[in-house]
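These numbers were taken from a predicted model, which means no experiment stands behind them.
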Amino acid sequence: MAGFRNGRGRDNRPPQQQHRPQQAPYGYEAPPQAYPQQQWQQQPPRHQQQPYGEPEYFGDPHGQHPQQHAAANNPGHTQMFSVDDPYGQAGGYQAPPVPTGPRLPWKALLSGIVLRPADTFLQMRDHAVWAPALTVTFLYGLLAIFGFDQAREEVLNATLSNTIPYVLMTGVGFVVAGLILGAVTHTLARQLGGDGAWQPTVGLSMLIMSLTDAPRLLFALFLGGENALVQIIGWLTWLAAGALFTLMVSRSHDLPWPKALGASAIQLVALLSLIKLGTL
């Protein structure tokens, strides 16, 4: 084979064999630089290559590897996205969020109903309030009898042995009336689509009934139920009770305010006829 080239570097092989590629010895591997450049250009981009058995990620303009997608969902790298609800009602009533937090003590509960009613009703919608509701309503019933002019005269003119049972029975009667009216409000709220529990609804309604009428009762003890100022305060506190009843039912049963007002309508009418109109 050495005779193929002469001393001057000329190839003495026949023309048919001059352009035939030489075969590499057995076991010889060409270096990576020996591959033609066109072979690298024909290969797909790196982000489009995938091993066998792995899903293909379409629409990835940045060429992220599946491991990079998985790393993006790790804690600290969570990707936020939203899903459109085709059946959602735009502009419809949005129910308030589920309340979180511990049960309020009785002092914070009573002050919250007056100062922070929306937050208080939302936090206590899943907590029973029997102890403060029964206690406050019973004490209110003991004093409510003195807000009526005729009843107060009868109690003051009666003997002590007759006055105590009469006053105690009045307190118990207000508790029973509060339980019945609260149960009616809860039943109407459930029929209108509410989802609240009956214990918080009844207990909170009893507290609203007692606390809202306390200012009128306070003035009626000294001025009498027929006084013009007492009557004005009675109407204002009745409107305040309607607003608190509506807000409480709305928060406790996830209802819009028109339905919440409708659920508490019977209780408002009953309070107006039993307490307010009795002094007017």
Side-chain angles (χ1 to χ4, degrees), residues 106-118 120-121 129 132-185 202-249 257 260-280:
W106 68 272
K107 291 183 180 180
L109 175 61
L110 298 181
S111 62
I113 292 177
V114 178
L115 302 177
R116 304 176 304 276
T120 301
F121 294 148
V129 291
L134 296 176
T135 303
V136 172
T137 305
F138 180 74
L139 295 177
Y140 165 74
L142 296 179
L143 299 176
I145 191 174
F146 297 97
F148 302 95
D149 293 340
Q150 184 177 357
R152 179 174 57 183
E153 292 179 0
E154 294 178 357
V155 171
L156 294 178
N157 294 330
T159 60
L160 185 60
S161 59
N162 295 330
T163 302
I164 294 178
Y166 188 62
V167 173
L168 293 177
M169 290 180 61
T170 304
V172 174
F174 270 86
V175 171
V176 175
L179 291 173
I180 295 175
L181 294 176
V184 171
T185 301
V202 175
L204 291 174
S205 66
M206 296 174 64
L207 289 175
I208 294 173
M209 178 187 70
S210 303
L211 294 177
T212 53
D213 196 51
R216 183 202 64 84
L217 181 60
L218 180 62
F219 284 90
L221 293 176
F222 301 97
L223 300 178
E226 300 295 335
N227 186 272
L229 179 60
V230 175
Q231 295 179 6
I232 295 175
I233 295 176
W235 282 108
L236 294 178
T237 54
W238 182 77
L239 294 176
L244 290 178
F245 276 125
T246 303
L247 186 59
M248 184 270 295
V249 175
W257 73 265
L261 179 59
S264 58
I266 294 180
Q267 188 167 9
L268 286 173
V269 173
L271 294 179
L272 182 63
S273 60
L274 294 177
I275 300 176
K276 309 297 182 178
L277 293 181
T279 59
L280 298 179

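- L160 and P165 get closest at one heavy-atom pair: O-CD, 4.5 Å.
- Heavy-atom minimum distance, V249 versus A263: CG1-CB, 4.1 Å.
- Separation of atoms OG (S205) and CD (Q267) is listed at 4.5 Å; rounding is to 0.5 Å.
- Listed here is the closest heavy atom pair of L221 and G147: CD2-N, 4.3 Å.
- With hydrogens and angles ignored, the 3.5 Å screen pairs no side-chain donor or acceptor of T137 with any backbone N or O of L134.
- When all heavy atoms are compared, the tightest approach of P132 to L207 is O-CD2, 3.5 Å.
- In this structure, the side chain to side chain contact (heavy atoms under 4.5 Å, CB included) partners of L142, at least two apart in sequence or on a different chain, are F138, L139, V167, L168.
- Looking at N227, I232, L229 one by one, the single match for side chain to side chain contact (heavy atoms under 4.5 Å, CB included) with F219 turns out to be L229.
- The environment of I266 atom CD1 is sparse: at most 12 non-hydrogen atoms of other residues, nucleotides or ligands sit within 6.0 angstrom.
- Two residues are said to be in side-chain contact when any heavy atoms from C-beta on lie closer than 4.5 Å; R152 and I145 fail this criterion.
- Taken from CG in L244 to OG1 in T120, the straight-line distance is 10.5 Å, to the nearest 0.5 Å.
- Rounding to the nearest 0.5 Å gives a distance of 11.5 Å between OG1 of T185 and CG of L204.
- Atom CZ in R216 sits 14.0 Å away from atom CH2 in W238 (nearest 0.5 Å).
- A donor-acceptor contact shorter than 3.5 Å links the side chain of Q231 to the backbone of E226.
- Taking every heavy atom of both residues into account, G224 and V230 meet most closely at O-CG2, 3.4 Å.
- Looking at T246 and S264, their side chains come closer than 4.5 Å, going by heavy atoms from C-beta outward.
- Partners of S161 by side chain to side chain contact (heavy atoms under 4.5 Å, CB included), not counting sequence neighbours, listed by chain and number: T159.
- Separating the CG atom in D213 from the CG atom in L218 is a distance of 11.0 Å, to the nearest 0.5 Å.
- Here the CZ-CZ distance, from F222 to F146, works out to 12.0 Å after rounding to the nearest 0.5 Å.
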Would you be so kind as to tabulate the donor-acceptor pairs closer than 3.5 Å made by side chains of residues 108-117, with sequence neighbours excluded?
| from | atom 1 | to | atom 2 | distance (Å) |
| --- | --- | --- | --- | --- |
| S111 | OG | K107 | O | 3.0 |
| S111 | OG | A108 | O | 3.2 |

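- Minimum heavy-atom separation, E154 to Y166: OE1-OH, 4.4 Å.
- Contact of the M206 side chain with the V129 side chain is not registered, since no non-hydrogen atoms from C-beta on lie closer than 4.5 Å.
- Residues F245 and L271 are in side-chain contact: their nearest non-hydrogen atoms beyond the backbone lie under 4.5 Å apart.
- Side-chain atoms of T170 do not come within 3.5 Å of backbone N or O of G141 as any donor-acceptor pair.
- In this structure the side chain of T135 never reaches within 4.5 angstrom of the side chain of Y140, judged on heavy atoms.
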Working for side-chain contact (heavy atoms from CB on, under 4.5 Å), residues V155 and N162 = CA-CA 8 Å; V155 171; N162 295 330; over 6 Å; no
